[in-house]
Trainee: 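Mind looking over this structure? Questions follow.
Atoms considered below: every heavy atom in the structure, side chains included; atoms not considered: hydrogens, waters and symmetry mates.
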Amino acid sequence: MSKNQFHAGNKLNILGGDKENISTNVCFTGNAIALLNNYAATGTTIHLDDWDGYNELRSGSLYYIVTDIKKVAISV
């Protein structure tokens with residue numbers, strides 16, 4: 001993904017549960033960033049319920065750290 005692909009005013013639409021999250025309080029690890037290209041390019045909303053991650057307190061603020069997309073279990 002080119003660093004010039006997105007304008008500074010753009011933000012990801014991130015939902016956690018039934019409410020929108022402020023994208024500045026959601027961080028993505030390198031593995032998760034690689035999976036974001038399709039979401040960012042199409043403007044698709046990211047549902048945190050579909051991703052693995054954890055909460056972390058940083059300088060008095062709560063952040064959600066996204067680590068990977070959840071794998072869908074396929075039953076045979």
Side-chain angles (χ1 to χ4, degrees):
M1 173 178 351
S2 166
K3 67 180 179 178
N4 297 322
Q5 183 175 354
F6 304 104
H7 301 289
N10 290 355
K11 71 171 189 151
L12 293 171
N13 294 321
I14 301 173
L15 295 177
D18 292 333
K19 64 179 184 175
E20 185 174 359
N21 288 282
I22 300 170
S23 59
T24 57
N25 287 358
V26 178
C27 300
F28 294 84
T29 63
N31 291 343
I33 289 170
L35 300 169
L36 284 176
N37 189 35
N38 186 47
Y39 289 91
T42 62
T44 304
T45 299
I46 297 170
H47 295 274
L48 292 179
D49 296 340
D50 298 336
W51 294 77
D52 291 324
Y54 58 93
N55 289 315
E56 183 175 296
L57 190 61
R58 294 182 177 180
S59 301
S61 296
L62 187 62
Y63 287 82
Y64 187 74
I65 312 301
V66 179
T67 57
D68 201 358
I69 197 161
K70 290 182 180 176
K71 307 297 183 226
V72 177
I74 300 173
S75 13
V76 181

Trainee: Is there a path of hydrophobic side-chain contacts, each under 4.5 Å between heavy atoms of I/L/V/M/F/W/Y residues, joining Tyr63 to Leu48?
Mentor: no

Trainee: Evaluate the side chain to side chain contact (heavy atoms under 4.5 Å, CB included) criterion for residues Cys27 and Arg58: first the C-alpha distance (whole Å), next the side-chain angles of each, then the deciding distance (0.1 Å), finally the verdict.
Mentor: CA-CA 11 Å; Cys27 300; Arg58 294 182 177 180; 3.7 Å; yes

Trainee: Just jot down the salt bridge (charged side-chain N to carboxylate O under 4.0 Å, His left out) partners of Asp52, sequence neighbours excluded, or say none.
Mentor: none

Trainee: Which Ile, Leu, Val, Met, Phe, Trp or Tyr residues join Leu57 in one cluster when any pair of side-chain heavy atoms under 4.5 Å counts as a link?
Mentor: none

Trainee: With rounding to the nearest 0.5 angstrom, report the CZ to CD1 distance, Phe28 to Ile46.
Mentor: 4.5 Å

Trainee: Can you pull out every salt bridge (Lys or Arg N to Asp or Glu O under 4.0 Å) where at least one residue sits in residues 33-46? Sequence neighbours excluded, please.
Mentor: none

Trainee: If we check side chain to side chain contact (heavy atoms under 4.5 Å, CB included) with Trp51, which of these qualifies: Thr67, Val66, Val26?
Mentor: Val66

Trainee: Linking I/L/V/M/F/W/Y whenever their side-chain heavy atoms sit closer than 4.5 Å, directly or via other members, would Ile69 and Ile65 fall into one cluster?
Mentor: no

